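Quick notes on the structure that follows.
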Amino acid sequence: MKIATFNVNGINTRLPAVLAWLGRERPDVACLQELKAAHEAFPRQAIEAAGYGVVWHGQKAWNGVAILARDAQPVEVRRGLPGDPGDAQSRYLEAEVGGVLVGCLYLPNGNPQPGPKFDYKLAWFDRLIAHAQRLWDSGAPVVLAGDYNVVPTDEDIYDPRSWRKDALLQPESRERYRRLLDQGWTDSLRQAFGDRRVYTFWDYFRNRWERDAGLRIDHLLLSAPLAQRLETAGVDRWVRGEPRPSDHAPAWVQLGAARRTRRRTAK
DNA sequence: ATGCCTAGAGTATCTAGA
(Lines give C-alpha, C1' and ligand atoms only; values in the text may rest on other atoms or scores of the structure.)
Protein backbone atom coordinates (compact mmCIF):
# COMPACT_ATOMS: atom_id res chain seq x y z
CA MET A 1 0.00 0.00 0.00
CA LYS A 2 1.50 3.27 -1.16
CA ILE A 3 0.45 6.42 0.71
CA ALA A 4 1.57 9.82 -0.57
CA THR A 5 1.34 13.48 0.41
CA PHE A 6 1.59 16.37 -2.04
CA ASN A 7 1.20 20.10 -1.48
CA VAL A 8 -0.16 20.98 -4.93
CA ASN A 9 -0.26 24.79 -4.52
CA GLY A 10 -3.57 25.22 -6.35
CA ILE A 11 -5.51 22.11 -7.42
CA ASN A 12 -7.01 23.68 -10.52
CA THR A 13 -3.76 25.19 -11.77
CA ARG A 14 -2.01 21.91 -10.97
CA LEU A 15 -4.68 19.49 -12.20
CA PRO A 16 -2.73 18.27 -15.27
CA ALA A 17 0.35 17.74 -13.12
CA VAL A 18 -1.62 15.91 -10.45
CA LEU A 19 -3.29 13.63 -13.00
CA ALA A 20 0.06 12.87 -14.64
CA TRP A 21 1.52 12.04 -11.23
CA LEU A 22 -1.41 9.79 -10.22
CA GLY A 23 -1.21 7.98 -13.54
CA ARG A 24 2.51 7.34 -13.32
CA GLU A 25 3.00 6.60 -9.61
CA ARG A 26 -0.42 5.16 -8.84
CA PRO A 27 -0.49 5.85 -5.07
CA ASP A 28 -3.23 3.98 -3.24
CA VAL A 29 -3.81 7.02 -1.07
CA ALA A 30 -2.93 10.63 -1.83
CA CYS A 31 -3.20 13.47 0.68
CA LEU A 32 -3.29 16.85 -1.04
CA GLN A 33 -2.79 20.27 0.53
CA GLU A 34 -3.14 23.90 -0.55
CA LEU A 35 -6.05 23.24 -2.86
CA LYS A 36 -6.70 27.01 -3.05
CA ALA A 37 -10.23 26.28 -4.21
CA ALA A 38 -13.68 26.69 -2.74
CA HIS A 39 -15.50 23.42 -2.09
CA GLU A 40 -17.57 23.71 -5.28
CA ALA A 41 -14.48 24.55 -7.35
CA PHE A 42 -12.76 21.23 -6.62
CA PRO A 43 -12.30 19.16 -9.84
CA ARG A 44 -14.09 16.13 -8.51
CA GLN A 45 -15.04 14.68 -11.87
CA ALA A 46 -11.49 14.72 -13.21
CA ILE A 47 -10.17 13.03 -10.06
CA GLU A 48 -12.89 10.39 -10.16
CA ALA A 49 -12.33 9.81 -13.88
CA ALA A 50 -8.71 9.04 -13.01
CA GLY A 51 -9.97 6.23 -10.79
CA TYR A 52 -9.86 7.91 -7.40
CA GLY A 53 -12.54 8.35 -4.79
CA VAL A 54 -12.10 11.62 -2.91
CA VAL A 55 -13.13 13.60 0.12
CA TRP A 56 -12.05 17.22 0.41
CA HIS A 57 -12.36 20.35 2.49
CA GLY A 58 -12.04 23.42 0.33
CA GLN A 59 -11.64 27.10 1.09
CA LYS A 60 -11.78 30.07 -1.24
CA ALA A 61 -8.33 31.27 -2.32
CA TRP A 62 -6.28 29.58 0.42
CA ASN A 63 -5.63 26.34 2.28
CA GLY A 64 -7.79 23.31 1.48
CA VAL A 65 -7.02 19.58 1.92
CA ALA A 66 -8.16 16.39 0.18
CA ILE A 67 -7.77 12.63 0.58
CA LEU A 68 -7.82 10.47 -2.57
CA ALA A 69 -8.10 6.68 -2.69
CA ARG A 70 -7.49 4.56 -5.77
CA ASP A 71 -10.50 2.42 -6.67
CA ALA A 72 -12.04 3.19 -3.29
CA GLN A 73 -14.09 5.79 -1.49
CA PRO A 74 -12.37 7.30 1.56
CA VAL A 75 -14.71 7.32 4.54
CA GLU A 76 -14.44 10.70 6.20
CA VAL A 77 -14.23 10.53 9.98
CA ARG A 78 -13.11 14.07 10.89
CA ARG A 79 -13.09 17.52 9.33
CA GLY A 80 -10.94 20.06 11.16
CA LEU A 81 -8.77 19.60 14.23
CA PRO A 82 -10.62 19.50 17.54
CA GLY A 83 -9.94 22.15 20.14
CA ASP A 84 -10.95 25.42 18.50
CA PRO A 85 -14.47 25.71 17.05
CA GLY A 86 -13.62 29.23 15.85
CA ASP A 87 -10.86 28.02 13.53
CA ALA A 88 -12.27 28.51 10.02
CA GLN A 89 -9.18 27.47 8.04
CA SER A 90 -9.37 24.21 6.04
CA ARG A 91 -6.25 22.45 7.20
CA TYR A 92 -7.18 19.00 8.50
CA LEU A 93 -9.15 16.07 7.15
CA GLU A 94 -9.26 12.48 8.38
CA ALA A 95 -10.59 9.43 6.59
CA GLU A 96 -10.45 5.65 6.71
CA VAL A 97 -9.06 3.88 3.64
CA GLY A 98 -8.25 0.20 3.35
CA GLY A 99 -8.05 -0.35 7.10
CA VAL A 100 -5.78 2.67 7.64
CA LEU A 101 -6.76 5.90 9.37
CA VAL A 102 -5.37 8.73 7.26
CA GLY A 103 -4.90 12.23 8.70
CA CYS A 104 -4.18 14.82 6.01
CA LEU A 105 -2.81 18.06 7.41
CA TYR A 106 -1.60 21.45 6.27
CA LEU A 107 0.11 23.05 9.23
CA PRO A 108 0.20 26.86 9.18
CA ASN A 109 3.33 28.43 7.77
CA GLY A 110 3.65 30.95 10.59
CA ASN A 111 5.60 33.73 8.88
CA PRO A 112 6.37 36.39 9.72
CA GLN A 113 7.54 35.58 13.21
CA PRO A 114 7.08 36.74 15.82
CA GLY A 115 3.47 37.76 15.32
CA PRO A 116 -0.11 36.54 15.22
CA LYS A 117 0.53 34.09 12.36
CA PHE A 118 3.30 32.43 14.31
CA ASP A 119 1.06 32.30 17.38
CA TYR A 120 -1.61 30.62 15.27
CA LYS A 121 0.93 28.11 13.99
CA LEU A 122 2.01 27.13 17.49
CA ALA A 123 -1.57 26.92 18.77
CA TRP A 124 -2.54 24.75 15.78
CA PHE A 125 0.51 22.58 16.40
CA ASP A 126 -0.50 22.13 20.04
CA ARG A 127 -3.96 21.01 18.95
CA LEU A 128 -2.37 18.56 16.50
CA ILE A 129 -0.16 17.16 19.27
CA ALA A 130 -3.20 16.63 21.50
CA HIS A 131 -5.14 14.93 18.72
CA ALA A 132 -2.14 12.81 17.69
CA GLN A 133 -1.80 11.58 21.28
CA ARG A 134 -5.39 10.35 21.26
CA LEU A 135 -4.82 8.62 17.92
CA TRP A 136 -1.65 7.02 19.20
CA ASP A 137 -3.35 5.86 22.38
CA SER A 138 -6.13 4.25 20.34
CA GLY A 139 -3.62 1.77 18.93
CA ALA A 140 -5.08 2.18 15.46
CA PRO A 141 -3.00 2.00 12.27
CA VAL A 142 -2.63 5.74 11.59
CA VAL A 143 -0.64 7.86 9.15
CA LEU A 144 -0.42 11.62 9.71
CA ALA A 145 0.66 12.96 6.35
CA GLY A 146 1.03 16.46 5.08
CA ASP A 147 2.86 19.74 4.86
CA TYR A 148 4.04 20.33 8.44
CA ASN A 149 5.87 23.55 7.60
CA VAL A 150 8.68 22.47 9.90
CA VAL A 151 12.29 21.75 8.99
CA PRO A 152 12.96 19.26 11.81
CA THR A 153 16.76 19.67 12.00
CA ASP A 154 19.58 21.45 10.17
CA GLU A 155 20.11 18.19 8.27
CA ASP A 156 16.75 18.78 6.62
CA ILE A 157 17.73 21.93 4.72
CA TYR A 158 20.41 22.71 2.16
CA ASP A 159 21.80 25.54 4.32
CA PRO A 160 20.06 26.95 7.37
CA ARG A 161 21.93 30.28 7.47
CA SER A 162 19.51 32.40 5.47
CA TRP A 163 16.50 30.71 7.15
CA ARG A 164 17.40 31.23 10.80
CA LYS A 165 14.61 33.72 11.41
CA ASP A 166 12.05 31.79 9.40
CA ALA A 167 9.07 30.26 11.18
CA LEU A 168 9.96 26.82 9.72
CA LEU A 169 13.23 26.62 11.68
CA GLN A 170 12.25 28.23 14.96
CA PRO A 171 13.02 26.28 18.14
CA GLU A 172 9.33 26.52 19.09
CA SER A 173 8.35 24.82 15.81
CA ARG A 174 11.07 22.17 16.04
CA GLU A 175 10.34 21.45 19.69
CA ARG A 176 6.73 20.72 18.83
CA TYR A 177 7.69 18.39 15.98
CA ARG A 178 10.04 16.63 18.38
CA ARG A 179 7.25 16.32 20.94
CA LEU A 180 5.09 14.66 18.29
CA LEU A 181 7.82 12.13 17.52
CA ASP A 182 8.34 11.55 21.23
CA GLN A 183 4.81 10.17 21.39
CA GLY A 184 6.22 7.25 19.40
CA TRP A 185 5.46 8.12 15.77
CA THR A 186 7.92 7.05 13.07
CA ASP A 187 9.18 9.81 10.76
CA SER A 188 9.14 7.54 7.73
CA LEU A 189 11.36 9.50 5.33
CA ARG A 190 14.06 9.97 7.95
CA GLN A 191 13.74 6.32 8.90
CA ALA A 192 14.15 5.22 5.28
CA PHE A 193 16.94 7.65 4.36
CA GLY A 194 19.10 7.47 7.52
CA ASP A 195 21.89 10.07 7.20
CA ARG A 196 21.10 10.74 3.56
CA ARG A 197 19.67 14.11 2.61
CA VAL A 198 16.10 14.19 1.40
CA TYR A 199 14.04 17.23 0.45
CA THR A 200 10.39 17.77 -0.45
CA PHE A 201 10.26 21.51 -1.15
CA TRP A 202 12.29 23.87 -3.31
CA ASP A 203 11.43 27.56 -3.28
CA TYR A 204 10.53 29.17 -6.60
CA PHE A 205 13.09 31.90 -5.85
CA ARG A 206 16.72 31.96 -6.85
CA ASN A 207 16.89 28.76 -8.86
CA ARG A 208 16.54 26.71 -5.73
CA TRP A 209 15.36 23.66 -7.69
CA GLU A 210 18.21 23.79 -10.18
CA ARG A 211 20.66 24.05 -7.27
CA ASP A 212 18.86 21.32 -5.29
CA ALA A 213 18.58 23.85 -2.46
CA GLY A 214 15.67 22.10 -0.79
CA LEU A 215 13.89 21.68 2.52
CA ARG A 216 12.23 18.65 4.09
CA ILE A 217 8.90 19.91 5.37
CA ASP A 218 6.40 17.30 4.11
CA HIS A 219 6.24 14.38 6.49
CA LEU A 220 4.48 11.04 6.90
CA LEU A 221 4.30 9.93 10.52
CA LEU A 222 3.33 6.31 11.19
CA SER A 223 1.80 4.82 14.30
CA ALA A 224 3.28 1.55 15.58
CA PRO A 225 1.07 -0.87 13.59
CA LEU A 226 2.06 0.89 10.35
CA ALA A 227 5.70 1.50 11.27
CA GLN A 228 6.28 -2.24 11.38
CA ARG A 229 4.90 -2.45 7.84
CA LEU A 230 7.19 0.29 6.46
CA GLU A 231 9.14 -1.06 3.48
CA THR A 232 10.39 2.03 1.68
CA ALA A 233 9.79 5.77 1.48
CA GLY A 234 10.68 8.32 -1.14
CA VAL A 235 10.08 11.57 -2.96
CA ASP A 236 8.80 11.82 -6.53
CA ARG A 237 11.33 14.48 -7.47
CA TRP A 238 10.49 14.29 -11.17
CA VAL A 239 7.20 16.08 -10.44
CA ARG A 240 9.10 19.18 -9.25
CA GLY A 241 11.02 19.25 -12.55
CA GLU A 242 7.95 19.34 -14.79
CA PRO A 243 6.67 22.57 -16.43
CA ARG A 244 4.61 24.80 -14.11
CA PRO A 245 5.30 22.71 -11.02
CA SER A 246 4.21 23.10 -7.44
CA ASP A 247 7.07 24.18 -5.19
CA HIS A 248 6.65 20.84 -3.36
CA ALA A 249 7.20 17.30 -4.66
CA PRO A 250 5.11 14.32 -3.54
CA ALA A 251 6.51 12.25 -0.67
CA TRP A 252 5.36 8.68 -0.02
CA VAL A 253 5.64 5.48 1.95
CA GLN A 254 5.29 1.90 0.77
CA LEU A 255 3.70 -0.37 3.37
CA GLY A 256 3.70 -4.14 3.31
CA ALA A 257 0.56 -6.19 3.79
CA ALA A 258 -1.02 -6.15 7.22
CA ARG A 259 0.10 -9.14 9.22
CA ARG A 260 -2.40 -10.96 11.32
CA THR A 261 -2.26 -9.72 14.89
CA ARG A 262 -0.26 -12.01 17.06
CA ARG A 263 -2.13 -13.55 19.89
CA ARG A 264 -0.88 -12.34 23.22
CA THR A 265 0.30 -14.99 25.58
CA ALA A 266 -0.77 -14.63 29.16
CA LYS A 267 2.01 -14.87 31.69
C1' DA B 1 16.88 44.48 5.38
C1' DT B 2 14.59 43.25 1.04
C1' DG B 3 13.65 41.08 -3.38
C1' DC B 4 13.60 37.11 -5.86
C1' DC B 5 8.88 33.53 -7.97
C1' DT B 6 4.04 31.83 -8.16
C1' DA B 7 -1.03 31.80 -7.34
C1' DG B 8 -5.72 33.76 -6.35
C1' DA B 9 -8.86 37.52 -6.55
C1' DG B 10 -10.16 40.50 -9.76
C1' DT B 11 -8.73 43.58 -13.36
C1' DA B 12 -4.27 47.19 -10.15
C1' DT B 13 -2.10 45.54 -7.09
C1' DC B 14 -2.92 43.48 -3.06
C1' DT B 15 -2.29 39.04 0.29
C1' DA B 16 -0.11 34.76 0.98
C1' DG B 17 3.08 31.28 0.51
C1' DA B 18 7.80 29.19 2.83
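We use all heavy atoms of the structure for the numbers below, so side chains are in, but hydrogens, waters and symmetry mates are not. Worth saying up front: this structure is predicted, and the values here are computed from it rather than measured. Numbered from 1 within each chain, the chains take letters A, B, ... in sequence-line order.
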Side-chain ion pair, A:R79 and A:E94, N-O less than 4.0 Å: no

Can you check the distance between B:dC4 and B:dA9, where both ends of the measurement are the P atom (answer in whole Å)? 23 Å

Distance check needed: B:dA16 P versus A:D247 CG, whole Å only. 17 Å

Using atom P of each nucleotide, how far apart are B:dT6 and B:dT2 to the nearest Å? 22 Å

Rounded distance in Å - CG (A:N111) to P (B:dT2): 13 Å

Is the shortest side-chain N to carboxylate O distance from A:D212 to A:R237 below 4.0 Å? yes

Salt-bridge present (A:R164, A:D159; N to O < 4.0 Å): no

With the sugar-phosphate defined as primed atoms, P, OP1 and OP2, and the base as all remaining atoms, what B/S/- string results for nucleotides 4-13 of chain B, 5' to 3', for protein heavy atoms under 4.0 Å? BBSSSS----

Rounded to whole Å, please give me the gap between CG in A:N63 and P in B:dG17. 7 Å

Near-strand residues of residues 162-174 of chain A, defined as heavy-atom separation under 4.0 angstrom from DNA chain B: A:K165, A:L168

Report which part of the nucleic acid A:D218 touches: base, sugar-phosphate, or nothing (heavy-atom distance under 4.0 Å, all strands). nothing

Interatomic distance at C1', B:dG10 relative to B:dA16, whole Å: 16 Å

How is A:R216 classified with respect to the nucleic acid when contacts are heavy atoms under 4.0 Å: base, sugar-phosphate, or nothing? nothing

Tell me whether the guanidinium CZ or amine NZ of A:R24 lies under 6.0 angstrom from the six-membered ring centre of A:W238 and within 45° of its axis. yes

A:F201 and A:W163 aromatic ring geometry - parallel, tilted or perpendicular at 30°/60° bounds: perpendicular

To the nearest angstrom, the CD1-P distance between A:I217 and B:dG17 comes to 12 Å

Do side-chain atoms of A:R14 reach the backbone of A:V8 as a donor and acceptor pair under 3.5 angstrom? yes

Show me the donor-acceptor pairs, under 3.5 Å and distance only, between side chains in residues 245-255 of chain A and residues at least two apart or in other chains.
from	atom 1	to	atom 2	distance (Å)
A:S246	OG	A:N7	O	2.6
A:S246	OG	A:H248	N	3.0
A:H248	ND1	A:D218	OD1	3.3
A:H248	ND1	A:D218	OD2	2.8
A:H248	NE2	A:N7	ND2	3.4
A:W252	NE1	A:D236	OD1	3.0

Answer yes if the side chains of A:Y158 and A:R208 hold a donor-acceptor pair under 3.5 Å, and no otherwise. yes

What is the nucleic acid contact for A:Y106, judged by heavy atoms within less than 4.0 Å: base, sugar-phosphate only, or nothing? sugar-phosphate

Check this for me, if you would: do A:D28 and A:R70 make a salt bridge, where the nitrogen-to-carboxylate-oxygen distance has to be below 4.0 angstrom? yes

